[in-house]
Amino acid sequence: MPYSEETASYKLNHTMLRIKDPKISLPFYTEILGMDLVEKHDFSDFTLYFLAFDRTGGKATDADRKADRLNREGILELTHNHGTETLDATPYHSGNSDPRGFGHIAITVADVEAACARFEKLGVQFKKRLTDGKMKDIAFILDPDGYWIEVLQDTIGKK
């Protein structure tokens with residue numbers, strides 16, 4: 001359905017991924033990808049972590065981020081079902097092997113070559129490097145649970 005007054009306020013707020021171990025996944029998303037932990041909800045058998053990129057230049061407080069969580073787009077929700085961290089392998093399916101389903105999330109960066117060089121230096125696993133395949137302007141990295149993350153050049157920083 002095209003734009004209408006009834007849907008004018010709708011936003012794609014967040015996407016949820018199940019994670020095996022937050023002690024491994026959270027540092028990947030915060031330290032390697034640079035996302036902020038916006039909010040955390042603990043329940044008896046699972047914990048929800050909401051992450052997003054800070055667009056305030058570091059000026060947003062924890063209270064600001066929490067208050068704004070439902071008003072913005074591009075939130076990533078990581079769900080940890082307690083006990084999965086003790087399993088030998090992740091109990092989750094990335095969607096990129098049979099049966100196929102979910103594919104990937106994507107981030108844009110100011111300089112895709114510099115970002116990929118940084119990921120390489122940090123030991124991030126690649127599914128597809130910029131030099132692989134026909135599409136030389138995109139890369140895919142893997143998070144600790146095997147989810148694919150597409151890395152794209154943003155149009156503002158494009159060389």
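Just so it is clear, the model here is predicted, and its values are computed rather than measured. For the numbers below, each heavy atom of this structure counts, side chains included, while hydrogens, waters and symmetry mates do not.
By the criterion of side-chain heavy atoms lying less than 4.5 angstrom apart, applied directly or through intervening Ile, Leu, Val, Met, Phe, Trp or Tyr residues, Ile105 is not grouped with Leu12; the two fall into different hydrophobic clusters. Met16 and Trp148 fall into different hydrophobic clusters, defined by Ile, Leu, Val, Met, Phe, Trp and Tyr side-chain heavy atoms under 4.5 Å apart, directly or through other members. Under the 4.5 Å side-chain heavy-atom criterion for Ile, Leu, Val, Met, Phe, Trp and Tyr, Tyr147 and Leu142 are members of distinct hydrophobic clusters. Met35 and Val112 fall within the same hydrophobic cluster, defined by Ile, Leu, Val, Met, Phe, Trp and Tyr side-chain heavy atoms under 4.5 Å apart, directly or through other members. Both Ile19 and Ile141 are members of a single hydrophobic cluster when ILVMFWY side chains are connected at heavy-atom separations under 4.5 Å.
Remark: Arg129 does not engage Asp132 in a salt bridge, criterion side-chain N to carboxylate O under 4.0 Å. Comment: Glu39 engages Arg69 in a salt bridge, judged by a side-chain N to carboxylate O separation of less than 4.0 angstrom.
Proximity of Phe28 to Leu33: side-chain heavy atoms (C-beta onward) are separated by under 4.5 Å at one or more points. Side-chain contact between His104 and Phe140: present, with at least one pair of heavy atoms (C-beta onward) separated by less than 4.5 Å. With a 4.5 Å cut-off on side-chain heavy atoms, Ile107 and Ile149 count as touching. Contact annotation: the side chain of Leu78 never approaches that of Phe50 to less than 4.5 Å [non-hydrogen atoms, C-beta and beyond]. The side-chain heavy atoms of Lys128 and Ile138, taken from C-beta on, include a pair separated by under 4.5 Å. Side-chain atoms of Lys40 and Leu48, non-hydrogen and from C-beta on, never get closer than 4.5 Å to each other. Side-chain contact check for Val151 versus Val109: some heavy-atom pair is nearer than 4.5 Å. Looking only at side-chain heavy atoms (C-beta outward), Leu37 and Tyr49 come within less than 4.5 Å of each other.
Between the side chain of Glu85 and the main chain of Gly83, a donor-acceptor pair closer than 3.5 Å is present. The backbone N or O of Tyr92 lies less than 3.5 Å from no partner atom in the side chain of Arg18, so there is not a single donor-acceptor pair. In this structure, Thr7 contributes its side chain and Tyr10 its backbone to no donor-acceptor pair below 3.5 Å. Checking side-chain atoms of Lys11 against main-chain N and O of Arg72 turns up no donor-acceptor pair under 3.5 Å. Within the 3.5 Å criterion, the main-chain N or O of Ala110 finds a donor-acceptor partner in the side chain of Gln153. Using modelled atom types, no side-chain atom of Asp68 and backbone atom of Asn71 make a donor-acceptor pair closer than 3.5 Å. Judged by distance alone, the side chain of Thr30 and the main-chain N or O of Gly34 form no donor-acceptor pair under 3.5 Å.
For the atom pair Lys136 NZ and Glu113 CD, the distance stands at 12.5 Å (nearest 0.5 Å). Here Lys127 contributes atom NZ and Glu150 contributes atom CD; the two are 14.0 Å apart, rounded to the nearest 0.5 Å. To the nearest 0.5 Å, atoms CZ (Phe43) and CG (Asn81) are separated by 12.0 Å.
Considering all non-hydrogen atoms of both residues, Asp145 and Lys20 come closest at OD1-N, 2.9 Å. A pairwise comparison of heavy atoms in Pro27 and Pro22 identifies CD-O, 3.6 Å as the closest pair. Across every non-hydrogen atom of Ser94 and Gly146, the tightest pair is CB-O, 3.5 Å.
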Practice problem: In sequence, state the C-alpha distance, the side-chain angles, and the governing distance for Leu70 and Asn13, and then conclude on side chain to side chain contact (heavy atoms under 4.5 Å, CB included). | Solution: CA-CA 7 Å; Leu70 295 176; Asn13 178 256; 4.2 Å; yes

- Is there a side chain to side chain contact (heavy atoms under 4.5 Å, CB included) between Ser97 and His93 once you walk through the steps? CA-CA 8 Å; Ser97 58; His93 186 288; 3.4 Å; yes

Walk me through whether Phe119 and Phe126 qualify under side chain to side chain contact (heavy atoms under 4.5 Å, CB included). CA-CA 9 Å; Phe119 295 146; Phe126 280 78; 3.9 Å; yes

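Looking at Asp36 and Tyr29, their side chains never bring a donor and an acceptor atom within 3.5 Å of each other. Inspection of the His82 and Thr47 side chains reveals an N or O donor paired with an N or O acceptor under 3.5 Å. Using a 3.5 Å distance cut-off with no hydrogens or angles, the side chains of Thr84 and Asp21 do not pair a donor with an acceptor.
By the neighbour-count criterion of 12 heavy atoms within 6.0 Å, atom CG of Asp98 is densely surrounded, having more than that number from other residues, nucleotides or ligands.
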